[in-house]
Visitor: 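First the structure, which I've put down as structure tokens, then a few questions once you've had a look.
Everything numeric here is computed off the predicted structure, so don't read it as measured data.
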Amino acid sequence: MKTRPVKTVLLGAAALAVLTVASATAEPVQKALHYGAWGFDASGEDPSVTPGDDFFAYANGGWDKRTEIPADRTRYGDDEVLNDTSEARIRQILENGAAGVSGPAAADATKVGAYYRAFMDEARIEALGMKPIEPDLAAIREASSRDALTGLMGASQGGGFLRAPFRLGIATDAKAPDRYIVSLSQGGLGLPDRDYYLSDKFAAKKTAYQAYVAQMLGLIRWEHPQENAKAIVDLETAIAQASWSRAERRDPDKTYNPMTPDQLAALAPGFGWNAYLGHAGVGEAGKVDIGEPTAFTKIAAIYGETPLQTLKAWSAFHVADGASPYLSKAFVDASFDFHSKALSGQTEQRPRWKRGVAVVDRGMGEAVGRVYVARYFPPQAKAKIDDLVKQLQVALHARIDRLDWMSAETKARANAKLNQFTVKIAYPDRWRDYSNLQVSGDDLVGDIRASSAFEWNRRLKRLNDPVDRSEWGMTPQTVNAYYNPGFNEVVFPAAILQPPYFDPSADAAVNYGAIGAVIGHEMTHGFDDEGRKFDGKGVLADWWTADDGKKFDASAKKLGAQYDSYSPYPGVHVKGDQTMGENIADLGGALIALDAYHASLHGRPAPVIEGLTGDQRFFLAYAQSWREKSREDTIRQRLVSDVHSPEMYRVNGVVRNMDAWYAAFHVKPGDKLYLAPADRVRLW
């Protein structure tokens, strides 16, 4: 699933064909994203750069030189521009409430309007100070044992801010995706990744974190803030040492470990599992799926050996940290200064209304989406996008059939899986029912608790029901897209179905390069190093011949080695194993889209536009679709915590493995990106 730090977004491209996406209601900011006469921003290029040395800079260097990252952002590019449009639309929905809305959407519109008003009522929030979390802190103080504290952690699943050293959820069973299962994974860290605790490269960030912990403890008047802050960071450092790396956690075979609660207690003694699961409402679950078994054993032991007073201080800090965006200015500023400024380099907070939009969108996303779709997405576009996605499926079928390294047996199964893809376009067929969610317009933290409890209870109630395959993992107003291996589906929300990812007035080569590549990206996720382990029904199963599996792994390892060599700053590198799935999907998506573009020509030569061939325009559009600037701290954070490579490598790392790019731009030995044909990775 592709959440917002990156763009593995999506949408349909196609022969210039069609799709007037929300053009009648487009805001001015959208119009600015129509690039040039044929869909490409020629002024964004840097002709002083040799394409074979740095294709990302060649296509985007001019834009990069003239673009400043806004002070309230950590990164900036076309995704952020589209998000601005989406935010502005949502703001109108929240401020207008039920005005102009009828039917079932009216009640939802009223609730989201009240939720937003609660966030915007700064005077009341300031007057309350830390009072909204005092009940949580009092309960922590009163906990007389570790079991009592773990019970509070479990109960917090139903609407509290108290964290546990493990993450609890309800998901589909990877080997029986027609049913739900309780899932548990490692947690307990306040910094973005275990590397922040263990690597000297992040020593300054770790020091800043300890100061922030002490600051938060001081704001909630917890005793001995300096001493407790050190103990908390020491505790989290021990948890980090026990935790699996992000690369290890990407293997679905290793992270699928169903067991009974009794077996879990035997695996990981030291943590009060009965109290935790019972108070969370899942104490009667027959099975729980454990993500990282060896880490569980170690983290539970750490918990059992840590003094209760340190565990209480740790819990109190995380309550304050989690609630800080919804409390008075002292908490908001402290949280921003550390999480956004110190960690990511952002210099100014985002306007309050934008933060309010994000909060309501997280809490009642489909309620907002129902109104969003009614106002901004034409129903006829769904069928057109569905047709475009099918064109990319045809191209992927053809690529599978042409593979020279895969046996006929595995090809047949791969094609069968592709035929079973479900495609979800724009918005759900059935909207979430929020009638049981009570929202107040004058109690922000109460609304946060209520929406959190609503979502947890919704999941609890269906634990023993058949899986709802109509459910969406993103809202319609989200500028993104995803592939879900358990459902074997590709999902494209409404907000991404617009320029610049698809522009009906643009050249076909541009649409295929900018959008077709992203459709292909999501499809390829069904066949990346994780997705390939799920069959057409979404079952975690090995459907490959042993020999084909070895060949796939060898090529994937070769691609990983390429990405391991990429270094945006001295001494730091991309992690090829951590980013493997996205790198495979990027390469596969571009290859599929180029094939689809060629097929759309029906044997006719591509037109030459402004001296550029069709393939040249395709690759330029592909590179332009990834143009983005990020702050150095943000990139350094992503290198250890994100499964996506930085944007420049999502371009340069892809094109250098595509034969057509060499021909299109006359790339030759001696150019920095040149790879000999035998060294180019050929997977999908």
Side-chain angles (χ1 to χ4, degrees), residues 143 145-154 156-157 162-169 171 181-200 202-203 205-206 209-210 213 228-280 282 285 287-315 317-318 575 577-578 640-641:
S145 66
R146 288 183 182 80
D147 271 6
L149 190 59
T150 54
L152 292 176
M153 292 173 180
S156 189
Q157 285 287 137
L162 185 57
R163 291 178 55 176
F166 304 95
R167 295 188 180 96
L168 176 64
I181 190 171
V182 175
S183 64
L184 281 159
S185 61
Q186 67 188 34
L189 304 182
L191 286 168
D193 186 82
R194 65 195 293 269
D195 282 15
Y196 274 72
Y197 298 88
L198 308 179
S199 172
D200 290 340
F202 294 108
K205 305 297 185 186
K206 184 177 178 181
Y209 179 54
Q210 184 168 319
V213 174
N228 275 315
K230 183 181 184 305
I232 287 168
V233 174
D234 287 347
L235 168 61
E236 293 188 5
T237 300
I239 293 174
Q241 289 170 333
S243 299
W244 287 17
S245 70
R246 289 184 184 267
E248 291 172 311
R249 291 161 56 197
R250 290 191 62 257
D251 188 335
D253 289 321
K254 293 180 180 178
T255 56
Y256 181 73
N257 303 281
M259 59 186 69
T260 67
D262 286 345
Q263 289 172 324
L264 171 59
L267 170 76
F271 186 76
W273 293 108
N274 288 338
Y276 180 62
L277 298 176
H279 283 81
V282 295
K287 285 187 177 181
V288 291
D289 181 20
I290 307 307
E292 308 89 0
T294 57
F296 269 59
T297 302
K298 296 174 183 177
I299 294 171
I302 292 167
Y303 185 88
E305 295 165 359
T306 300
L308 181 59
Q309 292 306 311
T310 297
L311 295 175
K312 287 185 175 185
W314 177 82
S315 298
F317 160 70
H318 281 294
K575 296 183 179 182
D577 52 357
Q578 177 177 298
V640 299
S641 65

Visitor: So, for Ala268 and Ala300, which heavy atoms are closest and what is the spacing to 0.1 Å?
Guide: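 Result for this residue pair: O-CB, 3.3 Å.
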Visitor: Run the side chain to side chain contact (heavy atoms under 4.5 Å, CB included) test on Leu162 and His318 for me, step by step, so that the C-alpha distance in whole Å, both residues' side-chain angles and the decisive distance to 0.1 Å come before the verdict.
Guide: CA-CA 7 Å; Leu162 185 57; His318 281 294; over 6 Å; no
Visitor: So do the side chains of Pro261 and Trp273 get within less than 4.5 Å of each other, counting heavy atoms only?
Guide: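 No; the side chains remain at least 4.5 Å from each other.
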Visitor: Please find the pair of heavy atoms, one from Phe296 and one from Gly291, that lie closest to each other, and give the distance.
Guide: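 Looking at all heavy atoms of both residues, the shortest contact is CE1-N, 4.4 Å.
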Visitor: If I compare all heavy atoms of Ala280 with all of Gln157, which pair ends up nearest, and what's the gap?
Guide: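 Result for this residue pair: CB-CG, 4.1 Å.
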Visitor: Ring centroids only, cut at 6.0 angstrom: are Phe166 and Tyr276 within range, meaning strictly under it?
Guide: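 Distance test on ring centres: not under 6.0 Å, no.
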Visitor: Closest heavy-atom contact between Leu308 and Ala143?
Guide: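 Shortest heavy-atom separation between Leu308 and Ala143 comes out as CD2-O, 4.1 Å.
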Visitor: side-chain hydrogen bond (donor to acceptor under 3.5 Å, both in side chains): which pairs involve residues 295-304, sequence neighbours left out?
Guide: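 Residue pairs with at least one partner in residues 295-304: there are none.
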Visitor: How would you list, by chain and number, every residue that makes a side chain to side chain contact (heavy atoms under 4.5 Å, CB included) with Thr306, sequence neighbours excluded?
Guide: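 Counting only residues at least two positions away or on another chain, Thr306 forms a side chain to side chain contact (heavy atoms under 4.5 Å, CB included) with Leu235, Ile302, Thr310, Leu311.
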Visitor: So, Asn257 side chain and Ile290 main chain: donor-acceptor pair closer than 3.5 Å or not?
Guide: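 Present.
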Visitor: So, Trp244 and Thr255: side-chain donor and acceptor under 3.5 Å apart, yes or no?
Guide: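 Thr255 and Trp244 do not have a side-chain donor-acceptor pair below 3.5 Å.
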Visitor: Please examine the side chains of Val288 and Leu168, heavy atoms only from C-beta on, and report whether any two atoms are closer than 4.5 Å.
Guide: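 Answer no - side chains too far apart.
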Visitor: Which pairs count as salt bridge (charged side-chain N to carboxylate O under 4.0 Å, His left out) when at least one residue sits in residues 232-245, sequence neighbours excluded?
Guide: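 Listed once each, the pairs are Lys230-Asp234.
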Visitor: Of all the heavy-atom pairs spanning Leu198 and Gln241, show the shortest one and how long it is.
Guide: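 What the structure gives for the nearest pair is CD2-CG, 3.3 Å.
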Visitor: Side chains of Leu267 and Pro293: closer than 4.5 Å at any heavy-atom pair?
Guide: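 With C-beta onward as the side chain, the pair touches.
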Visitor: In the structure I gave you, are the side-chain heavy atoms of Glu292 and Lys254 within less than 4.5 Å of one another anywhere?
Guide: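 No, every pair of side-chain atoms sits at 4.5 Å or beyond.
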Visitor: Under the side chain to side chain contact (heavy atoms under 4.5 Å, CB included) rule, collect the residues that match up with Asp577, sequence neighbours excluded.
Guide: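 By the side chain to side chain contact (heavy atoms under 4.5 Å, CB included) rule, Asp577 matches Ala247, Lys575.
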Visitor: To the nearest 0.5 Å, how far apart are CG in Asp251 and OH in Tyr256?
Guide: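 The OH atom of Tyr256 is 14.5 Å from CG of Asp251, to the nearest 0.5 Å.
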Visitor: Could you check if a side-chain atom of Val213 sits within less than 4.5 angstrom of a side-chain atom of Trp314, using non-hydrogen atoms only?
Guide: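 They are not in contact (no side-chain heavy atoms under 4.5 Å apart), so the answer is no.
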Visitor: Using a 4.5 Å cut-off on heavy atoms from C-beta on, say whether the side chain of Ser243 contacts that of Ile299.
Guide: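 SC-SC contact between Ile299 and Ser243 confirmed.
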Visitor: The test is side chain to side chain contact (heavy atoms under 4.5 Å, CB included); show your working for Ser315 and Met153 and say whether it passes.
Guide: CA-CA 9 Å; Ser315 298; Met153 292 173 180; 3.7 Å; yes
Visitor: I need the minimum non-hydrogen distance between Gly187 and Ile239, along with the two atoms involved.
Guide: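 Looking at all heavy atoms of both residues, the closest pair is O-CG2, 3.4 Å.
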Visitor: Answer yes or no: is there a side-chain heavy-atom contact under 4.5 Å between Asp289 and Val182?
Guide: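 No; the side chains remain at least 4.5 Å from each other.
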Visitor: Do any pairs count as a salt bridge (charged side-chain N to carboxylate O under 4.0 Å, His left out) and have a residue in residues 238-248, sequence neighbours left out, and if so which ones?
Guide: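 Sorted result for residues 238-248: Asp193-Arg246.
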Visitor: Could you measure the distance from the NZ atom of Lys205 to the OG atom of Ser199? Nearest 0.5 Å is fine.
Guide: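 Output value for this atom pair is 12.5 Å.
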Visitor: Which residues pass the side chain to side chain donor-acceptor pair (under 3.5 Å) test with Lys312, not counting sequence neighbours?
Guide: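 Checked Lys312 against side chain to side chain donor-acceptor pair (under 3.5 Å); zero matches.
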Visitor: How long is the straight-line distance from OH of Tyr197 back to CG of Leu189, given to the nearest 0.5 Å?
Guide: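 With rounding to 0.5 Å, CG (Leu189) is 4.5 Å from OH (Tyr197).
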Visitor: Do Gln578 and Ser245 touch side chain to side chain, with heavy atoms closer than 4.5 Å?
Guide: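 No - every pair of side-chain heavy atoms lies 4.5 Å or more apart.
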